[in-house]
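Values below: every heavy atom of this structure, side chains too, minus hydrogens, waters and symmetry copies. A quick note: this is a predicted structure, and the numbers were derived from the prediction, not measured. The first residue in the sequence is number 1, and the count goes up from there.
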Amino acid sequence: MNHFKETYTNQYPPSWMLTEILPFGVITNIYSNIKNKKIKKRIAQSFGLQVAPFESWLTIITVTRNSCCHHARVWNRVFSIRATMPIRMSRPWITLPTDPLKVYFDMCIIKYFLGIISPNNDMLDKMNRLFATFPEVDKAALGFPFGWENEPLWQ
């Protein structure tokens with residue numbers, strides 16, 4: 001914050017700075033409350049999505065993040081919020097039949113966003129290390145379909 005005060009004359013910090021400190025649920029609510037449809041559309045398009053799926057996916061990530069953060073069960077959980085699917089996808093996505101109410105689907109949404117925000121992310125490596133460390137985990141109970149690692153999204 002000292003850097004901000006010494007560098008900027010505006011009394012309000014820039015949005016990029018706020019997103020570093022705001023809880024993810026607040027960021028989701030901010031997006032949901034943007035009244036200007038053109039701004040919402042531009043933000044969603046920067047992620048290759050339409051407004052409704054983008055907003056829905058933000059909500060899914062918020063719920064999943066909060067479940068993990070507050071030690072709720074996600075292993076064989078059936079979530080209650082169904083994601084809105086895009087009319088078209090401009091980026092790699094999943095092709096195998098997948099239960100959209102299981103955590104695997106939420107992980108796919110997270111991977112989709114990470115692929116844009118941090119193209120060289122190591123999410124798949126970290127997941128594979130966890131699965132190797134805990135081989136007793138039933139991936140099917142998480143909603144992982146057989147052959148999931150060959151999906152376009154995970155390549």
Checking [X] side chain against [Y] main chain: does a donor-acceptor pair fall under 3.5 Å?
{"X": "T84", "Y": "P53", "answer": "no"}
{"X": "K102", "Y": "A141", "answer": "yes"}
{"X": "T98", "Y": "L96", "answer": "yes"}
{"X": "Q50", "Y": "K41", "answer": "no"}
{"X": "K40", "Y": "N33", "answer": "no"}
{"X": "Y31", "Y": "E55", "answer": "no"}

Is any side-chain heavy atom of I94 less than 4.5 Å from a side-chain heavy atom of W148? no
Are S67 and R77 packed together at the side-chain level, in the sense that at least one heavy-atom pair is separated by less than 4.5 angstrom? yes
Are [X] and [Y] connected, step by step, through hydrophobic side chains (Ile, Leu, Val, Met, Phe, Trp, Tyr) whose heavy atoms are closer than 4.5 Å?
{"X": "M17", "Y": "Y12", "value": "no"}
{"X": "L49", "Y": "V51", "value": "yes"}
{"X": "M89", "Y": "I87", "value": "no"}
{"X": "V78", "Y": "I81", "value": "no"}
{"X": "F146", "Y": "L142", "value": "no"}

Would a line drawn from the ring center of W57 to the ring center of Y112 be shorter than 6.0 Å? yes
Write down the atom of [X], the atom of [Y], and the distance for their closest heavy-atom approach.
{"X": "L153", "Y": "P92", "result": "CD1-O, 3.7 Å"}
{"X": "P97", "Y": "P145", "result": "O-CB, 3.8 Å"}
{"X": "I116", "Y": "S46", "result": "CG2-O, 4.2 Å"}
{"X": "H70", "Y": "R65", "result": "NE2-NH1, 4.4 Å"}
{"X": "T62", "Y": "G25", "result": "CG2-CA, 3.6 Å"}

Please assess D106 against F79 for the test side chain to side chain contact (heavy atoms under 4.5 Å, CB included), listing each intermediate value before the final yes or no. CA-CA 10 Å; D106 300 3; F79 287 91; 3.5 Å; yes
To the closest 0.5 Å, what do you measure between [atom1] ([X]) and [atom2] ([Y])?
{"X": "F24", "Y": "T19", "atom1": "CZ", "atom2": "OG1", "answer": "10.0 Å"}
{"X": "N66", "Y": "I61", "atom1": "CG", "atom2": "CD1", "answer": "11.5 Å"}
{"X": "I60", "Y": "I110", "atom1": "CD1", "atom2": "CD1", "answer": "10.0 Å"}
{"X": "M127", "Y": "W154", "atom1": "CE", "atom2": "CH2", "answer": "4.0 Å"}
{"X": "L58", "Y": "I30", "atom1": "CG", "atom2": "CD1", "answer": "11.5 Å"}
{"X": "I43", "Y": "F54", "atom1": "CD1", "atom2": "CZ", "answer": "6.5 Å"}

Go through the steps for F47 and I117 under the test side chain to side chain contact (heavy atoms under 4.5 Å, CB included), then give the verdict. CA-CA 9 Å; F47 289 93; I117 296 164; 3.9 Å; yes
Test side chain to side chain contact (heavy atoms under 4.5 Å, CB included) on W93 and M85 and set out the steps. CA-CA 11 Å; W93 185 238; M85 290 306 298; 3.5 Å; yes
Is the NZ or CZ atom of K139 both under 6.0 Å from the centre of the six-membered ring of F131 and within 45° of that ring's axis? yes
Give every residue pair that meets the side-chain hydrogen bond (donor to acceptor under 3.5 Å, both in side chains) criterion with at least one member in residues 113-135, sequence neighbours excluded. K111-N121
Do S56 and R82 meet the criterion of a side-chain donor-acceptor pair at a distance under 3.5 Å? no
